[in-house]
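Each remark here refers to the structure printed beneath this line.
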Amino acid sequence: MSQVEAALRRAVGSALDRIGAGGAVEVVVEPSARPEFGDWSTPAPLGAARVLRRSPMAIAEDLRTLLDEARVQHVAGWSVTAPGYVNARLDHASWAPAVIDTALALDPSRPLIPDGGLTVAGRTLIEHTNINTNKAAHVGHLRNACLGDTVARILRRTGHEVEVNNYIDDTGVQVADVVVGLQHLGLTPRENEPFDQFCSRVYVEVSRRYESDPALVELRAGVLHDIEARDNDTARFAKEMAGRVVRAQLATMRRFDIGYDLLTWESDILELGFWERAFQLLRGAGAVVLAQDGRNAGCWVMPETSGNEAAAEEEDAKVLVKSDGVATYTAKDIAYQLWKFGLLGLDFKYRRWDEGDRPVTTTAAGGEEDIDGSRFGRAQRVVNVIDARQASLQRVVQQALARLGYTEQAERSVHLAYEVVALSATAASQLGMEVDEGRTLYAFSGRRGIEVRADDLLDVAVAQLRDKARDERAARALAAGAIRYYLQKFSLTQIIAFDFREALRVTGDTGVYLQYAHARAAGILRKVPGGAGTPAPPPARLVPQERALLFRIDGYRSALAEAGAGLSPAVLAAYAFDLASALSDFYEHTPVIVRETDPAVRRFRRALVAAAKSTLGDALTALGMEAPEHV
RNA sequence: GCCCCCUUAGCUCAGCGGGAUAGAGCAGCCGCCUUCUAAGCGGCCGGUCGCAGGUUCGAGUCCUGCAGGGGGCGCCA
C-alpha cells in the first residue's frame, strides 16, 4: 500500500485502541467516496458503535480529536461526516512531491517488497504452459502461459525468488497419435509451416481416420507401448518429434515474451526413476495399496482415507499404477511435485537448451557436468498453473504429500486454478461450428481442429495494427500486448468467452490503450525539456485530474502487493487500466505543458507525467507487456 | 448422486476482508483535432445486482435454500 495509506491505517488503529475499540473493529481506510469529504476515509466509527454502545458520530468526533493530535505525515486535517466517517485531508504540498519522488525512483533492479513482507520466504516454483507435444499452442494454452508468466513477474517484482518450469508432456496417447500419423499417413509439411502446426494437422487427420480404420487404432496401442518401454526406434522417434514441437511452441511463447528457467520432461521423470522412488515412499508410508477386488483390482491406488485397506476398492480411490504396471499421469505428477520441494531424494540431469537469446536449461537423461542443479527445485512454495478442470487431480497430488507427512509442503502446494477459454457463439460460427439457440459457449477441440492458434491470432493482430503503427516492431509489441492483456484481465474464475472482435479491439479497456497512454507520456517528456533535479513543488491548488493521477500513482505498491498475494494478474491489469485512464484524463483536461509559461507549473506537471510514465511502465513490464516510447 | 465455478446495463466484465449516490469497456445517439500522439476526451441512453429467506445500524458483497448455465468425479493426459 502507499506510504500514506499505511500511516493512516496505523494512526486509525492506535486511535481505536485508545478509545477502547481496538481489535473489535477492522481498521479499514479507503479513498474517500467524494473529494468534498477528503482524500482518505475510515468507516471505523460505524463498526465501533456497537461494541462501545455509543453513537457513531460521537465516536467519530473522539477519533478526529485523537487523530488530529497524532500528526500523521502528509495529513493536513481531519473531518467527520455522517453517518460516522472520519476523513483525512492531505497536505498536497508535501504529499504530491513525495509520491512523485517515489515513482521516479522506481528501479527494476530494486524489488518492491510489500509492507507485510514476502508472502513466502525462499523459492517459489511456478509450473505453467504444460502443452502436450503433439500440437501448436491455442489461446487456451496461451491463457495459461500468460497467467503463469505474469504471476512470476509480479512475484519477482515484489522480491520473491522464482523458478519457472514448463512441464512437457512428451508421453501418452496424444503423442502416440501423431507418431502414428507421421509414420503412416504420408502427410508433408506445407511451405514454411511450423512443425507444431504441422503436427496439429496430422493429429486432426489421424483422429478422423481412426473412425474408419481400426487398424490405425491398433497401431497406436503398439506405439504407446513402445514409448513407455523406451530405448527403441519408436521411442526415439517420439522424442525427436517432441523436441521439434517444443522448439516451435517455445518460439510462439517467445513472441509473447514468455520464457522459462527449466524445461522438465515427463519422459525424464520416467527415465530417471522418479516414479519408482515416489512409489517406494508412498508404499512405505502406507499411502498406496494394491487393490485386490472390485473394479480397481490389480491396481495400486491411493484411497480417500489413509491406511484404509478396505477403501482400496472403493470407487473414489485414485489409481496411480494401472494393472499393466504403467504409472498414471497423476502418479508422475506426484513424483514431480516431490522433486519440486526437494523431497524426492533424486535429481534430474541438466543440459543447456539453445533457444535464442534466453538462457534456458532442460532436464535430460544424460546431463552436462557444469550445470548447477541446486538452482532448481528445492522450493518453499509450488504454484501449479493448471485449469480448473484438473482440480481433483491436483488435490490428489497435494494429498499424497500430506500422506507422506509433508503437511507444510502440502499446504504450500498451490493449484492456481483458472477457468478455460471457450468460444463465444459468434467465434464458434466463424470457425464453422453449428451454433445452437441459447448456447453461449463452445469448447475448443484440438482433435477436431476447432481452435484459435496463438500464432494465428497474433498474426491477425499484427496485420491489423500494422498500418497505424509507427513500424513493424511497434505493431508486434502492441499486438502481443493486446492479446496478453485480454487474456489476463479476467478473473481466474471467469470462463473467457473468446471473441475475435473483443480480443483484437484496440480502444477502451485494452492493452493498446495502456501502451498508448505510456507512449503519450513519453511524447510529452520528449517535447518538454527538463529532467531530474529538485523535487517539483505542486501549485497551490491541484486540479482534480492532478489529484486523481497522483492517487493512482500512489496506489501502485498496494496494487502490486495485492496482485502478488492473491496471485492475480487481473488485479494488476485493472490497476494499470485505472492509471492509464487517469493519465489520459489528465492529458486531455490540463493545458498543454509545452506551452505552459509558469515555470513552476510546467516543472510540476512534467514531473507528474514522468512519475505516471515510470509507474505505468513498471506495471506494464510486470504484466509482460512492452512499455513503448512510440506506438 | 456428490463436488467446483458462473449469474451485476443490450453485450463482455470490475466491484478485494459488508459501509457514503452500484462502476468500466463495447454497442447506440450527440459533441470535441490551427493544442505535448483523436488508438484519445466529454455528454446522453441504459441496472427490481438470478429468485426467496436470514444475519446486521447497514448486504451486489456474509449465511441458508432454490432456479438457470458451465465444468469435474476414467486402469486418459
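Letters A, B, ... mirror the listed sequences (proteins, then strands); counts begin at 1.
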Inset, instruction - Mind telling me whether A/Phe279 and A/Trp300 have parallel, tilted or perpendicular rings, with 30° and 60° as the class edges? - result: perpendicular

Inset, instruction - Fit a plane to each ring of A/Phe498 and A/Phe500, take the angle between them on a 0 to 90° scale, and name the class: parallel (under 30°), tilted (30 to 60°) or perpendicular (over 60°). - result: perpendicular

Inset, instruction - Indicate whether OP1 or OP2 belonging to B/A77 is found under 4.0 Å from a side-chain N or O atom of A/Lys322. - result: yes

Legend entry - Stretch residues 47-56 of chain A: residues that reach within less than 4.0 Å of RNA chain B through a heavy atom: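 Under 4.0 Å from RNA chain B: A/Gly47, A/Arg50.
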
Legend entry - Any residue of residues 501-508 of chain A with a heavy atom less than 4.0 Å from an atom of RNA chain B: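 RNA chain B contact set from residues 501-508 of chain A: A/Arg501, A/Arg505, A/Val506, A/Thr507, A/Gly508.
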
Legend entry - Among B/C75, B/A20, B/U12, the one nearest A/Phe490 by side-chain distance: B/U12

Inset, instruction - Looking only at side-chain atoms of A/Tyr513, point me to the closest of B/G72, B/C76, B/C41. - result: B/C41

Atom pair distance, as rounded to whole Å: [atom1] in [X] and [atom2] in [N]:
{"X": "A/Tyr485", "N": "B/A39", "atom1": "OH", "atom2": "P", "answer": "18 Å"}
{"X": "A/Arg447", "N": "B/C76", "atom1": "CZ", "atom2": "P", "answer": "14 Å"}
{"X": "A/Gln488", "N": "B/A14", "atom1": "CD", "atom2": "P", "answer": "14 Å"}
{"X": "A/Phe577", "N": "B/G25", "atom1": "CZ", "atom2": "C1'", "answer": "6 Å"}

Legend entry - Residue pairs involving residues 565-578 of chain A (criterion side-chain hydrogen bond (donor to acceptor under 3.5 Å, both in side chains); sequence neighbours excluded): none

With sequence neighbours left out, what residues match [X] under side chain to side chain contact (heavy atoms under 4.5 Å, CB included)?
{"X": "A/Ala574", "result": "none"}
{"X": "A/Asp226", "result": "A/Asn232, A/Thr234"}
{"X": "A/Ala136", "result": "A/Asp196, A/Gln197, A/Ser200, A/Arg453"}

Legend entry - Residue pair A/Val452 / A/Leu457: nearest heavy atoms and the distance that separates them: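 Residues A/Val452 and A/Leu457, closest heavy atoms: CG1-CB, 4.2 Å.
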
Legend entry - Nearest heavy-atom neighbours spanning A/Val12 and A/Ala44: CG1-CB, 4.5 Å

Legend entry - Check: B/A39 base within 3.5 Å donor-acceptor of A/Thr510 side chain: no

Inset, instruction - Look at the side chain of A/Asn130 and the base of B/A77, then say whether one donor and one acceptor between them are separated by less than 3.5 Å. - result: no

Inset, instruction - Between A/Ser392 and A/His589, name the one whose nearest nucleotide on RNA chain B is closer to the 5' end. - result: A/His589

Legend entry - Closest-nucleotide 5' rank along RNA chain B - winner of A/Thr328 and A/His630: A/His630

Identify whether any heavy atom of [X] sits under 4.0 Å from a base atom; if not, whether one sits that close to sugar-phosphate; answer base, sugar-phosphate or nothing.
{"X": "A/Ser491", "answer": "sugar-phosphate"}
{"X": "A/Ala517", "answer": "nothing"}
{"X": "A/Asp499", "answer": "nothing"}
{"X": "A/Val631", "answer": "base"}

Inset, instruction - Using the P atoms only, state how far B/A67 lies from B/A52, rounded to an integer number of Å. - result: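 B/A52 and B/A67 have their P atoms separated by 15 Å.
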
Inset, instruction - Using the P atom on both, measure B/A14 against B/U55 and round to a whole Å. - result: 31 Å

Inset, instruction - Name all residues meeting the ring pair (Phe, Tyr, Trp, His ring centres under 6.0 Å) criterion together with A/Tyr167; count only those two or more places apart in sequence or in a different chain, and write none if there are none. - result: A/Tyr336

Inset, instruction - For A/Phe444, check ring pair (Phe, Tyr, Trp, His ring centres under 6.0 Å) against everything at least two apart and list the hits. - result: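 With neighbours one apart ignored, the set is A/His138.
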
Inset, instruction - Using the criterion of both pairing distances under 3.5 Å for Watson-Crick and G-U wobble pairs, give all stems of 3 or more consecutive pairs involving RNA chain B. - result: B:1-7 with B:67-73, B:10-13 with B:23-26, B:28-32 with B:40-44, B:50-54 with B:62-66

Legend entry - N-glycosidic conformation, B/C33 - syn within 90 degrees of 0, else anti: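 For B/C33, whose glycosidic angle is within 90° of 0, the conformation is syn.
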
Inset, instruction - Could you pull out all residues at least two apart from A/Glu502 that satisfy side chain to side chain donor-acceptor pair (under 3.5 Å)? - result: A/Arg505

Legend entry - Under 3.5 Å: donor-acceptor pair, side chain of A/His518, backbone of A/Pro628: yes

Inset, instruction - Give a yes or no answer on whether the side chain of A/Asp169 reaches the backbone of A/Thr133 with a donor-acceptor pair at less than 3.5 Å. - result: no

N/O to N/O distances under 3.5 Å, protein versus nucleotides 30-36 of chain B:
from  : atom 1 : to       : atom 2 : distance (Å)
B/C36 : O3'    : A/Lys527 : NZ     : 2.9
B/C36 : O2     : A/Ile593 : N      : 3.4
B/C36 : N3     : A/Ile593 : N      : 3.3
B/C36 : N4     : A/Tyr587 : O      : 3.1

Give me, pair by pair, the N or O atoms of the protein and of nucleotides 2-6 of chain B that are less than 3.5 Å apart, along with how far apart they are.
from : atom 1 : to       : atom 2 : distance (Å)
B/C5 : O2'    : A/Thr493 : O      : 2.9
B/C6 : O3'    : A/Gln494 : NE2    : 3.4

